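Residue numbering restarts at 1 for every chain, and letters A, B, ... go by the order of the sequence lines. What you are looking at is a predicted structure, and each value in this text was computed from that prediction instead of being measured.
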Amino acid sequence: MKNRHLVGLVLALSVAGLSMFVYKVTVLGFPVAPGEIADTWTVEAAVSFDAGPGSIRANMYIPTLMPGFTILEENFISRGFGFSSQLAPGGREAEWAVRRATGRQTLYYRAVVYRDPGSRGEDTVPDFPPPPTLDEPFNTAMTVIVEEARAQSADSVSLAAALIRRLNDPSADQNVDLFSRSAATPQERAQTISTLLAGARVPSRVVRGVMLQDQVRDASIVPWLEIYDGNEWMFLDPQTGSRGLPDNFLAWWRGSRPMLHVEGGSDASVSVSVRRNSIDALLLAEARAERRGSRLVEFSPLSLPVQAQAVYSLLLLIPVGALIITLLRNVVGFKTFGTFMPVLIALAFKETELIAGIVLFTLLVSLGLMIRFYLEHLRLLLVPRLSALLIIVVLLMLGVSIIGHKLGFQTGLSVALFPMVILAMTIERMSIVWEERGASEAIQQGLGSLAVAALSFLVMGIAIVQHVVFLFPELLLVILAMTLLLGRYTGYRLLELRRFRALTRPAS
Amino acid sequence: MIGLYRALKRSGVVGLNARNGTYILPRNSRHLYPLVDDKLRTKALAIEAGMPVPPLYGVIETEHDIGELESMLEPHQQFVIKPAQGSGGDGIIVVVGRMHRRATSYRQVSGNLITIADLQHHVSNTLNGQYSLGGHPDRAMIEYCVRFDPVFDRVSHEGVPDIRVIVYRGVPVMAMLRLPTRMSGGKANLHQGAVGAGVDMATGTTLSGVLGNDVIDEHPDTGHPIHGIAVPQWDVILEAAARSADITGLGYLGVDMVLDRELGPLMLELNARPGLNIQLANRRGLQPRLDTTDREAPLDADINARVAFARARFAHTAHA
């Protein structure tokens, strides 16, 4: 009954912690390893034209529905132009306008996009397209081709694939020839297939975009086919008829209209360049969380002022240390002075580094012990004795720092980070154990504490541990669950195996 | 290592985690702890129940009282000063004699002489909680120094040998004789170097002993065999142990008894967290006996019935 309660609690804590962790990693893309780098792509469209005598208006499609990608940031650069962006048939449109300009004008649109498997080209459900009105003999040829393709297909996507195959067929009949002759470029070809599909009353459209590759100037606009199969939009390569969208295809706009339209200017051209950049995966995750309206980042240590973040990056390690102490004491069976003294010493080691830390700690405790033995002769009452010890510890720390500094031994300065009260209590308890149980027991327990502290330091010093507990504080719930479980661990401690090993032999 | 783990499990050894998690936490309510953690309260309870305990000479409660220490000790040649809430035998001074030269010196059981000033400092430390659990302010008690029964003379070095009985749910389940050694400085605590010898629950005769974690057959200081010594008044000891569980209400209890040559078995102190070395001393795990008690013992019966159950079921030959 009690156990079931505990197991339930442990499960609930673990599920809560882990699900939040998994959500942050998989959906928001929080990096699990420190210093993880994420790829982003900077795409830039440079629009240029010669200004005409009158007012000028330039309209250009800009990306909006991008399956597999999301925009991190975008900006529009123009001098003297009024700018607006709006939704237009086929996508989103940037509009630059100016009443008067002279000479060649260049306008820029720049977007930073990142790969986002969660982003899909969501769209409204299209109507069935009206049958295209074509002149003869195109109309008859279309009817024949569609009928033939329909006979070889099962659904709209396979119908489209069949049509593409027919158009690719070198030994095509004259019906096909009629269409393939007028579809020389990939753009025209995609448009032709879309027209034929409309003839079969299958909703389709041509999506145009660029292939993201590093360092490409003047990237070519690649057409792709989108076919609505009654549930969702499917992608088809208009050249080969194979399904799906290439990983690096960035959809830019849809429909048959040109990307750029300039009124009042001449010799207009647009060129798209692509560049790959790397940014800290964490920045990307934060941007993504913000875009999704997720509050998780807002309620994480990342939302704190930087100074407080520094404090918490240290504090959040304490539970890890506590777990290690629990393991070492209750599962391994180590003895230490004070329950959490080793964790606090380990935190101090973070500043002093391990070897210097151990040397300084040993030095302070030994000096403190010597003075404590002297104090014993004075027969002081307990509380004044502890206070005296604390004062002496502070003096010793100061002395070590000053002498270390004079000798050019800078690590001596960090001795100030040792928790002095803990140090004083350690010296006191060690001296009592020394008196009552002998030097070997005292030194043994002292070394045990030091070993546990060093071990905690090593674990808490692992970069990924620091990174993970700071970025995913919800994992502390899992650590809590583990300590709760350890709280009901009634098996042997490892050192008990040695202690009781005489009992494994048959009794005489 | 796994094999060792399984072997321990098979021999029914109770580990620290199991003792704490399975027996002490559920069986010993925390509010009962003060009854046994404070030896003065334990003594009062025992006297009320008519159990024999070492007579109390005096209690020192405040720093001011320390001034009266010398006059309090005046009428007694032999006495013990101990912290009321001490643990593990720490902070106990046993004085067995006196020496008059320039000033009065007290001779400890180890032969060392200490002055009244030393005793006063010790008592002051005690009052300040140096020896108490958690460092709480404490009281110092001065009581009768047990003059132990000569039956254990040849297997103990100074100090007072005592008998530890583990009582589970009112049923004595395991016992050992603790023999002081030179190493333990006259104290009967195993972790301070005393020898523990298992005791057959049925007959009250000793089995082989254990020193530290090693099994031994002879006392390290006297060289006499530890095995086969009959503990006198065994039935009285078991009865007192069972009664101790009744008067405190603790379900898992260590009872420490001493044998005084004149006063007979005396209950010295109780322990709500008794150590596990008793298993080594008996070369038996506690688990089977605890399980048997859970399953079959007459838990609601009177003390005699429970003691009879223990003697019948937990004989050394019967492996239970």
Side-chain angles (χ1 to χ4, degrees), chain A residues 1-3 6 326-327 329-335 338-339 372 375-387 389 425 428-429 431-438 440-441 444-445 484-508, chain B residues 1-23 25-26 63 88-91 117-118 120-122 124-131 135 137 183 185 187 191-193 198 207-208 210 212-215 217 276-277 279-280 282-285 316 319:
Chain A
M1 176 60 205
K2 223 176 196 172
N3 268 338
L6 183 84
T326 312
L327 277 172
R329 286 181 59 125
N330 271 39
V331 179
V332 178
F334 268 99
K335 278 185 193 163
T339 312
R372 171 65 180 78
L375 288 183
E376 184 68 18
H377 291 293
L378 301 182
R379 303 204 170 129
L380 302 176
L381 298 181
L382 182 74
V383 176
R385 188 174 69 218
L386 283 178
S387 303
L389 204 53
M425 293 308 290
E428 170 71 16
R429 294 189 49 178
S431 81
I432 289 176
V433 173
W434 193 298
E435 296 255 302
E436 298 196 338
R437 313 255 162 98
S440 79
E441 174 83 15
Q444 232 172 50
Q445 282 196 35
L484 289 182
L485 268 189
L486 283 174
R488 293 293 303 167
Y489 171 72
T490 55
Y492 300 117
R493 300 175 183 179
L494 282 185
L495 293 179
E496 280 180 339
L497 298 185
R498 208 169 68 95
R499 176 181 173 195
F500 290 121
R501 70 179 180 280
L503 290 173
T504 58
R505 293 175 221 124
S508 54
Chain B
M1 200 184 284
I2 307 270
L4 201 52
Y5 193 101
R6 292 231 179 91
L8 279 190
K9 200 93 208 161
R10 258 201 311 280
S11 25
V13 173
V14 173
L16 268 177
N17 290 331
R19 181 200 72 176
N20 294 341
T22 314
Y23 296 105
L25 277 176
E63 290 286 333
D90 291 340
D118 291 321
Q120 284 169 339
H121 177 56
H122 180 83
S124 162
N125 277 340
T126 305
L127 296 188
N128 278 298
Q130 176 165 329
Y131 308 108
M183 202 161 69
K187 290 174 184 167
H191 66 245
Q192 287 169 319
L207 313 165
S208 62
V210 61
N213 290 332
D214 305 313
V215 177
D217 289 316
L276 294 168
N277 274 343
Q279 300 177 106
L280 280 170
N282 279 277
R283 310 192 70 176
R284 288 275 187 283
H316 188 67
H319 199 111

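- In terms of heavy atoms, L503(A) sits closest to Q279(B) at CD2-O, 3.4 Å.
- S11(B) contributes atom OG, which lies 13.5 Å from atom CZ of R501(A) (distance to the nearest 0.5 angstrom).
- Separating the CG atom in L497(A) from the CD1 atom in I2(B) is a distance of 9.5 Å, to the nearest 0.5 Å.
- No other option in G333(A), G491(A), G487(A) has as many heavy-atom pairs under 4.5 Å with chain B as G491(A).
- Judged by distance alone, with hydrogens and angles left aside, the side-chain atoms of N17(B) form a donor-acceptor pair with the main-chain N or O of N330(A) at under 3.5 Å.
- Neither the backbone nor the side chain of Q120(B) has a heavy atom closer than 4.5 Å to any heavy atom of chain A.
- For R429(A), no part lies near chain B; criterion is any non-hydrogen pair under 4.5 Å.
- In this structure, CG on L494(A) lies 9.0 Å from OH on Y5(B), to the nearest 0.5 angstrom.
- For a residue to count as touching a neighbouring chain, one of its non-hydrogen atoms must lie under 4.5 Å from one of that chain's; by this rule V210(B) does not touch chain A.
- No other option in L16(B), L276(B), T22(B), L207(B) has as many heavy-atom pairs under 4.5 Å with chain A as L16(B).
- The choice from H121(B), R19(B), Q130(B) that makes the most heavy-atom pairs within less than 4.5 Å of chain A is H121(B).
- Using a 4.5 Å cut-off on side-chain heavy atoms (C-beta onward), Y492(A) and V13(B) make contact.
- Atom CD of residue E376(A) and atom CG of residue N125(B) lie 6.5 Å apart, to the nearest 0.5 angstrom.
- Looking at N277(B) and R499(A), their side chains do bring a donor and an acceptor atom within 3.5 Å of each other.
- Nearest heavy atoms, T490(A) versus A18(B): O-CB, 3.1 Å.
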